[in-house]
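Each chain gets a letter, A, B and so on, in the order the sequences are listed, and its residues count up from 1.
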Number of protein chains: 2
Amino acid sequence: MQDLTVAERIHSQFEDLTRAERQLANAMLENYPVSGLGSITAVAETSSVSPPTVARMAKKLGFGGFPEMQKALRVELEAQISNPIAKHDRWSESAPDTHILNRFADAVMENLAQTLRHINPDTFDAVKQLLSDQDRLVHIAGGRITRSLADYLFTHLQMLRDGLVYMPPNSNAWSHYVLNMQPGDVLIVFDIRRYEHDMLRLAEMARERDVTVVLFTDQWGSPIARHAAHSFHCRIEAPSAWDSSAVTLFLIEALIAAVQDKNWDETKERMAKLEELFDQMKMFRKFT
Amino acid sequence: MQDLTVAERIHSQFEDLTRAERQLANAMLENYPVSGLGSITAVAETSSVSPPTVARMAKKLGFGGFPEMQKALRVELEAQISNPIAKHDRWSESAPDTHILNRFADAVMENLAQTLRHINPDTFDAVKQLLSDQDRLVHIAGGRITRSLADYLFTHLQMLRDGLVYMPPNSNAWSHYVLNMQPGDVLIVFDIRRYEHDMLRLAEMARERDVTVVLFTDQWGSPIARHAAHSFHCRIEAPSAWDSSAVTLFLIEALIAAVQDKNWDETKERMAKLEELFDQMKMFRKFT
DNA sequence: ACGATTCTGAAATGTTTTTTTCAAAAGACT
DNA sequence: AGTCTTTTGAAAAAAACATTTCAGAATCGT
């Protein structure tokens, strides 16, 4: 009896149900399982029976009462709707699923799915547009931890366009950088957890100069969001003392790909030139 | 406001939500919309906020109260269930599945799954062990693109241990760094695609000095693998002219988490000291 | 660093929902 | 038909739920 769905229980006991109960049962199966999610009064009403009948049937089906049956319905629904990725068997097959690798993988998968649900494609496209606009200077700033992410974005954008300014994480020097910002410029800031006060000030100052601020932050949202024209909230949950930036990096990469797609011809040309330069510097070995 | 879904309302007003409300909003979107169907107490509990917060947010979102919001959720659910085409195969709901966001997400998920299948947990644990060993110096080197990843690893390991050397990506200076390597030391190198010749030379020289080389590379494998005691092959496929480092970053983070777990007591102490130092520096900066 | 403001949850209050009770209605059996 | 059993819903009682109030906590702004 334990693991049967409500529908299965109804079917298996249909013979034992009374007239009013069968009427109710049919109504519940009609739009299953949503029809059973209202209050007992609502359920009773849509089936044209009385609330006690509903309560009695719930008990007859083996539940403690109506709320218990409703909870079972919710659990069923959750299983039915839930994300396919949330359910996977162990990733790294030879490692137990309590191994940090698998636990971390779970977290990152979930973070990715969550983040994507939060993201507004319009925001994404708008930022893509901003970054594609060669007439705007793009300033990139990161904090203590997010510096690497800022760096990653900068390195890749460099291959796509010029007019980029990388602002070093040492905030003492920022005021000078702000002086060089023009109205219409773009400032990309990373601000995650332990939000940094200097970063907020930077965003404020930039905004005062009519610079469009784009923010990468976590699911809770840095206070900078108030000043940002566009914000990306990336989920950073991880089984660790620190947060996971993997999803933030994914988003950065997706943005880079989008910008690259947008002006593919120019990009291709630029890349060719760059490759040539790098080859001349003999930094790379031929692919074998 | 009338015809917006609850999720849309949450997104559009996310900025105006307070900390506890955001926590609740995230929890509700987590298993949307089922997670919002319990009693106000249940919803509050699963989000770790108080019932009043739930009631307040419902009003903030434009509903008369919690029951009204819940009813809206039920209506949405019904519409969603009865329309089998509107299933959840798309990630970012309002973006078509040809949107770069969704395509990139597909690629990254696939990369992660593939990578995990190929990782040998013994390798992982062995590297964890190496990084936990305070008696070995750990040298970290990255290339043109992978520099950010090396930087990320360095920044985080710094919070876990000392005896770390970050080798700048400018390869001219590397020979001096190699001079300082001792037998038993560890060298972590990142080498992905367009494998860099200097990186290979670095690994060779390190190996000659009995340094244990750990390599992060792509699915094809840098030639450095021949000299490395341990190699991680991360899949880097992406719908882009560049590769995706998201999975490599995931692996770095998982390693950091593993090292941190191993000696948690020492780590905790170290972190406390570091926080203190950072606070002091912040204060110092304020007065200058 | 210090008030002013906003936010938050415990507790109290008011409301709705659920269950129980019970009498009437329907049906079953003699 | 008459009596007994079962079923049913109205109404009351009990329980759970939702909202409001309020004081402490956190945050903000100067």
Side-chain angles (χ1 to χ4, degrees), chain A residues 13-28 36-74 191 193-201 203-205 207-208 220-227, chain B residues 13-28 36-74 279 282-287:
Chain A
Q13 300 198 47
F14 197 80
E15 298 308 324
D16 302 332
L17 299 182
T18 66
R19 181 197 48 78
E21 285 167 352
R22 291 181 186 201
Q23 192 175 319
L24 164 65
N26 281 318
M28 279 186 54
L37 292 176
S39 74
I40 195 172
T41 325
V43 173
E45 223 152 67
T46 56
S47 323
S48 306
V49 299
S50 65
T53 301
V54 183
R56 275 191 291 261
M57 191 175 82
K59 287 198 173 166
K60 225 175 192 174
L61 295 179
F63 297 104
F66 175 75
E68 203 173 294
M69 179 175 79
Q70 198 172 54
K71 191 176 176 185
L73 284 174
R74 276 201 302 274
D191 197 30
R193 188 93 85 154
R194 311 288 321 256
Y195 311 117
E196 298 179 29
H197 189 250
D198 291 323
M199 197 66 83
L200 177 59
R201 289 261 320 205
E204 283 169 353
M205 292 195 312
R207 197 202 183 182
E208 278 165 21
W220 304 287
S222 140
I224 293 177
R226 302 177 53 84
H227 305 290
Chain B
Q13 299 201 47
F14 196 81
E15 299 307 327
D16 302 329
L17 299 181
T18 66
R19 182 198 43 82
E21 285 167 352
R22 289 180 187 198
Q23 196 174 317
L24 165 65
N26 279 311
M28 280 186 54
L37 291 177
S39 73
I40 193 171
T41 324
V43 173
E45 220 152 70
T46 55
S47 321
S48 306
V49 299
S50 64
T53 301
V54 182
R56 275 191 291 260
M57 191 174 85
K59 289 199 172 166
K60 223 175 192 175
L61 294 180
F63 298 103
F66 176 74
E68 201 173 295
M69 178 175 81
Q70 198 171 54
K71 191 175 176 183
L73 282 175
R74 275 200 303 272
D279 283 352
K282 223 185 262 174
M283 243 191 252
F284 171 72
R285 206 151 60 206
K286 263 190 189 160
F287 295 118

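Considering every non-hydrogen atom in both A/L24 and A/V54, the closest pair reads CD2-CA, 3.6 Å.
Taking A/A55 as the reference, A/I40 meet the side-chain contact (heavy atoms from CB on, under 4.5 Å) condition, with sequence neighbours excluded. Partners of A/A27 by side-chain contact (heavy atoms from CB on, under 4.5 Å), not counting sequence neighbours, listed by chain and number: A/S47. Checked against salt bridge (charged side-chain N to carboxylate O under 4.0 Å, His left out), A/R226 has no partners two or more places apart in sequence or in another chain. Residues forming a side-chain hydrogen bond (donor to acceptor under 3.5 Å, both in side chains) with A/R201 (at least two apart in sequence, or on another chain): none. With sequence neighbours left out, the side-chain contact (heavy atoms from CB on, under 4.5 Å) criterion links B/P67 to no other residue. Listed by chain and number, the residues in a side-chain contact (heavy atoms from CB on, under 4.5 Å) with B/A58 are B/M69 (sequence neighbours excluded). Scored by the side-chain hydrogen bond (donor to acceptor under 3.5 Å, both in side chains) test, B/S50 finds B/T53 as partners (sequence neighbours excluded).
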Fill in the blank from the handout: In 5'-to-3' order, the base (B), backbone-only (S) or no-contact (-) status of each nucleotide in nucleotides 9-25 of chain C, using a 4.0 angstrom heavy-atom cut-off, is BB-------SSB-----
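A 4.0 Å heavy-atom criterion places the boundary nucleotides of DNA chain D facing chain B at D/dC17 to D/dT20, written 5' to 3'.
For the pair B/L17 CG and C/dC7 P, the interatomic distance rounds to 11 Å; values are reported in whole Å.
The closest donor-acceptor contact from the side chain of A/Q70 to the backbone of A/G38 lies under 3.5 Å.
Residue pairs that meet the side chain to side chain donor-acceptor pair (under 3.5 Å) test with at least one member in residues 15-26 of chain B, sequence neighbours left out, are A/H118-B/N26, A/H233-B/E15, B/T18-B/E21, B/R19-B/Q23, B/E21-B/K60.
Rounded to 10 degrees, the angle separating the terminal helix axes of the helix from C/dA1-D/dT30 to C/dT30-D/dA1, each built from five base pairs, is 30°.
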